[in-house]
Amino acid sequence: MPKNLVIVESPAKAKTIEGYLGKDFKVASSYGHVRDLPKGGLSVDVDNGFLPTYEIQADKKAVIKELKKLAKDAEIIYLASDGDREGEAISWHLKEALDLNDSQTRRIVFHEITKNAIQNALQNPRGIDLNLVNAQQARRVLDRLVGFEISPILWRKIKGGLSAGRVQSVAVRLVVDREREIDGFNSSSSFKITAHFIIEKGKILNAELPKKFESEDQALAFLEKCIEADFFIEKLETKPSKKSPAPPFTTSTLQQEASRKLSFSVSQTMTLAQKLYESGKITYMRTDSLNLSEEAINAAASAITGDFGSEYSQSRRYKTKSKSAQEAHEAIRPTDFRVSSAGKDYNENRLYELIWKRAIASQISDAQIEKTIATVGISNNDLKFTASGEVIKFDGFLKVYIESTDDENSDEQKGMLPPLAEGQVLELKDLTSRETFTRPAPRYTEASLVKKLEEMGIGRPSTYAPTISTIQKRGYISKETREGRERKFIQLVLANRGIERTINTETTGYEKQKLFPTNIAMVVNDFLVDHFPNVVDFSFTANVEKEFDEIALGEKPWDSMISDFYSKFHSTVEETKLVERSEVNKSRELGKDPASERKVYARLGKFGPVIQIGESDDDDKKFASMRQGQFIESISLEEALDLFQLPRNVGVYEEEEVIAAIGKFGPYVKHNGKFYSLGKELDPLSVSIDEATALINTKRTADANMVIKAFEGNDEIQVLNGRYGPYIKAGKKNVKIPKDQKPEDLTLQECVDLAEKTPEKKFKGKRK
DNA sequence: CAGTGAGCGAGCTTCCGCTTGACTT
């Protein structure tokens with residue numbers, strides 16, 4: 001029987017550590033926090049020193065029972081939860097819940113999972129730091145007070161089930177503010193000049209004018225002057241430069257890169273990383289630390305030297321910039337740098353590879369680059385073109401990893417310039433002036449919102465993914481892909497001494513998986529900004545964090561900090577209860593309906609944003625739901641009136657009426673009881689009877705062709721032609737047909753075999 | 001795969017931060 005019990009937070013960690021310690025140690029896990037404020041009510045005694053009531057969480061009863069049993073058999077119990085505020089509190093709650101006495105209890109902390117670090121920690125035990133525990137308690141109580149006092153006001157004034165909180169309300173505010181910024185953005189255009197020069201046979205020099213022209217006339221004047229001009233290399237500069245690798249991943253940077261490079265959602269990244277962690281492939285994935293253990297740095301150096309040569313090895317130690325970082329873990333890295341590929345499936349594999357590359361690159365030498373800038377003079381003008389190129393002299397870390405950016409305007413990789421000499425005369429091939437438009441700040445993606453929150457010190461690595469999903473579940477934010485619209489731009493091209501003007505089109509505003517606020521988010525946000533400006537202030541978290549730090553240092557009692565906050569906060573809560581519902585959910589008057597001469601309003605109705613024609617006390621007032629992407633604050637009268645044209649009678653086909661409308665799944669036409677989706681090209685307001693019948697007929701032929709093969713005596717299994725190609729339908733299972741198989745040649749047995757080989761599909765949809 | 005929208009009242013919803021599985025269309 002082991003005489004020592006070590007309790008850590010994570011079971012995977014427990015397993016690893018048990019391997020490091022001898023027979024005298026049993027290592028168990030608490031699975032995170034074990035006690036919390038009860039779910040049901042406030043459970044904070046605001047009249048009595050804010051005394052919290054704690055209870056063992058329902059899902060931790062079994063854990064506590066097991067830990068109690070282990071503790072009874074042990075002489076010494078080491079509480080080894082993380083060394084941060086939350087970890088200290090976990091140790092204290094464990095001590096309370098397990099009824100441990102001081103003499104048998106030790107508190108130990110380690111920052112990396114290595115044999116040395118753990119043995120070192122065991123040699124240096126201490127007691128529980130109650131100041132740190134109190135700082136956590138203050139954090140917990142503050143969040144409960146804010147969340148549980150504001151949310152019920154939202155239920156009464158706006159809609160049931162809504163929520164507000166220190167973290168989520170700021171996240172929503174960021175998205176709402178950005179949407180309004182985009183809505184109010186006035187795009188202006190200017191003219192950018194690029195030139196192609198012929199150097200020698202086949203070699204072309206691309207150059208651009210650093211100055212943009214404000215108007216087409218100015219651009220045209222420049223081009224006209226260039227007809228008579230000579231061009232020459234005025235200056236050639238070569239500068240050595242270097243590039244350094246990015247530090248290894250933290251939770252937030254991993255989420256960002258996996259989003260940009262692999263198109264993973266924030267929660268998908270975390271689920272995959274969790275699997276890699278549990279199978280021992282990577283270190284802990286919820287961390288804000290850039291630190292690598294000495295052992296890891298040495299292991300990386302030896303892997304790099306072995307794979308690429310010693311000139312590629314450059315050990316680096318990174319310091320975490322963010323103040324809020326709590327450094328309880330290492331950065332995210334592979335547990336074994338020699339393994340460049342791991343994971344149980346395609347996506348685990350891709351995520352592992354990303355982590356491996358980033359971590360190993362952080363320990364590889366800088367890339368040495370030679371940058372060349374050529375200045376092209378114009379004989380009859382003081383303006384100059386520039387052309388730049390770079391040559392990689394030593395690739396260094398670029399051999400394995402290139403970081404991506406969110407910046408949509410960032411230059412693609414620059415190539416090498418053709419051989420040039422100062423004074424060299426250039427032959428102009430063509431010169432283009434293209435109208436370009438200024439763009440507003442981009443909408444957030446899940447990952448870029450996490451990045452922003454982290455920069456502001458709001459939220460923690462363990463909560464980024466849940467926060468992003470909460471604000472979507474509450475109906476504040478939706479993640480959408482939206483088609484862009486076409487925009488015309490002017491282009492002037494000078495070639496062969498003549499200038500040609502064309503008007504071309506480009507697509508703008510295409511948004512892929514971006515975050516859009518809903519009307520409810522706007523109403524809730526405005527309410528919070530009006531009445532609780534301090535709580536949704538972008539620096540609220542940073543301010544209270546400073547106070548939590550003071551509590552942790554023993555410089556301030558936790559309950560007086562909470563009391564200072566609460567007295568003002570709670571009186572605001574009481575005042576706010578008196579605010580009228582109609583004051584919070586204002587209806588906006590859009591104008592008059594020309595048909596009925598009645599007023600038109602936009603407001604948040606019981607079932608969502610709605611347009612209303614007629615006064616609220618009219619018996620025959622009319623309603624229409626607003627469409628996605630329409631906002632109460634910005635919808636025009638014209639757009640609003642359009643909504644009343646649906647459902648619309650498109651015409652008659654085969655003696656049956658064709659109706660166009662918008663349903664739950666988007667715009668559709670209905671004919672003879674069947675629905676046909678209109679897709680993105682056709683608008684239900686303008687779709688013609690010809691377009692509608694064409695759609696009905698294509699869908700019919702597709703239906704007729706759907707069954708490729710059926711088997712006699714077995715109606716469970718069929719070979720079908722689906723949207724993504726042929727597939728086998730075996731009961732409820734859909735099985736893709738391998739490329740080397742012809743669908744029409746499949747036998748029943750082959751279908752059965754393929755179906756059996758395919759694992760049950762995991763559910764990926766929304767939970768009810 | 002709609003059109004809904006009164007007012008009353010009971011009883012429900014909610015926070016953030018630590019952890020994993022169990023569960024569902």
Touch class at under 4.0 angstrom, heavy-atom based, for A:Val610 against every strand present | base

In whole angstroms, the gap separating P of B:dC12 from CG of A:Leu154 amounts to 20 Å

A:Leu162 CG to B:dC12 P, in whole Å, measures 18 Å

Can you tell me if A:Ser10 touches the phosphate of B:dT20, counting only side-chain N or O atoms and a distance under 4.0 Å to OP1 or OP2? yes

Check your understanding: Would you call A:Phe148 stacked on B:dT14, i.e. ring centres under 5.5 Å apart with the planes less than 30° off parallel?
Key -> yes

- Task: Please determine if a side-chain N or O atom of A:Thr463 lies less than 4.0 Å away from the OP1 or OP2 oxygen of B:dG17.
- Result: yes

Does B:dT20 have A:Tyr31 stacked on its base, where the ring centres are within less than 5.5 Å and the planes differ by under 30°? no

To the nearest angstrom, the CD-C1' distance between A:Gln57 and B:dT20 comes to 12 Å

Between OH of A:Tyr676 and C1' of B:dC1 the distance, given in whole Å, is 14 Å

>> Ring centres within less than 5.5 Å and planes less than 30° apart: is that true of A:Phe675 and B:dC1 in this structure?
In response: yes

Heavy-atom closest pair (A:Arg144 atom, A:Gly41 atom, distance to 0.1 Å) is NH1-O, 2.6 Å

query: How would you label the contact of A:Gly40 with the nucleic acid (heavy atoms, under 4.0 Å): base, sugar-phosphate, or nothing?
result: base

Within 45° cone of A:Phe538 ring axis and under 6.0 Å: A:Arg173 NZ or CZ = yes

Base, sugar-phosphate, or nothing: which does A:Gly165 touch, judged by heavy atoms less than 4.0 Å apart? sugar-phosphate

Would you check if there is a donor-acceptor pair between the side chains of A:Ser163 and A:Arg474 at a distance under 3.5 Å?
yes

Is A:Gln612 near enough to B:dG5 that one of its side-chain N or O atoms lies under 4.0 angstrom from OP1 or OP2? no

- A:Tyr464 side chain near B:dG17 phosphate (N/O to OP1/OP2, under 4.0 Å): no

Check your understanding: Do A:Ser582 and A:Glu580 have side-chain atoms, one donor and one acceptor, less than 3.5 Å apart?
Key -> no

Regarding the side chain of A:Phe607, the nearest nucleotide among B:dT4, B:dG17, B:dT20 is B:dT4

What does A:Thr470 touch in the nucleic acid at a heavy-atom separation under 4.0 angstrom: a base, only the sugar-phosphate, or nothing? sugar-phosphate

Note to self: On the nucleotide B:dT19, are OP1 or OP2 found under 4.0 Å from the side-chain N or O atoms that A:Arg286 carries?
What the structure shows: yes

Atom CZ of A:Phe644 and atom C1' of B:dG3 are separated, to the nearest Å, by 12 Å

- Query: Between A:Ser163 and B:dC15, is there a side-chain N or O to OP1/OP2 distance below 4.0 Å?
  - Reply: yes

Counting only heavy atoms not in A:Lys479 (residues, nucleotides, ligands), do more than 12 fall under 6.0 Å from its NZ? yes

When rounded to whole Å, the NZ to P distance for the pair A:Lys473 and B:dT13 reads 14 Å

Nearest-nucleotide check on DNA chain B, A:Arg603 vs A:Ala12; residue mapping nearer the 5' end is A:Arg603

message = Here's one to test your reading of the geometry: is the NZ or CZ of A:Arg107 within 45 degrees of the ring axis of A:Trp92 and under 6.0 Å from its centre?
response = no

Exercise. Kindly say if A:Arg474 contacts the phosphate of B:dC15, meaning a side-chain N or O under 4.0 Å from OP1 or OP2.
Key: yes

Of A:Pro461 and A:Lys39, the one whose nearest nucleotide on DNA chain B sits closer to the 5' end is A:Lys39

### Query
Within the modelled atom types, does a donor on one side and an acceptor on the other bring the side chain of A:Arg139 and the base of B:dC16 under 3.5 Å apart?
yes

**Request:** Tell me what A:Ser625 touches on the nucleic acid: a base, only sugar-phosphate, or nothing, going by heavy atoms under 4.0 Å.
**Result:** base

Show your working on side chain to side chain donor-acceptor pair (under 3.5 Å) between A:Glu86 and A:His33 and close with a plain yes or no.
CA-CA 8 Å; A:Glu86 296 296 327; A:His33 274 293; 2.8 Å; yes

**Request:** Indicate whether OP1 or OP2 belonging to B:dG17 is found under 4.0 Å from a side-chain N or O atom of A:Arg144.
**Result:** no

Taken to the nearest whole Å, CD/A:Glu149 to C1'/B:dC15 is 11 Å

Does B:dT20 have OP1 or OP2 under 4.0 Å away from a side-chain N or O of A:Gln274? yes

task: Mind checking A:Pro466 for me? I need base, sugar-phosphate or nothing, with any heavy atom below 4.0 Å counting as a touch.
output: nothing

To the nearest angstrom, the CH2-C1' distance between A:Trp155 and B:dA10 comes to 15 Å

Practice task
Indicate, with a heavy-atom threshold strictly under 4.0 Å, whether A:Val167 touches base, sugar-phosphate, or nothing.
Solution key: sugar-phosphate

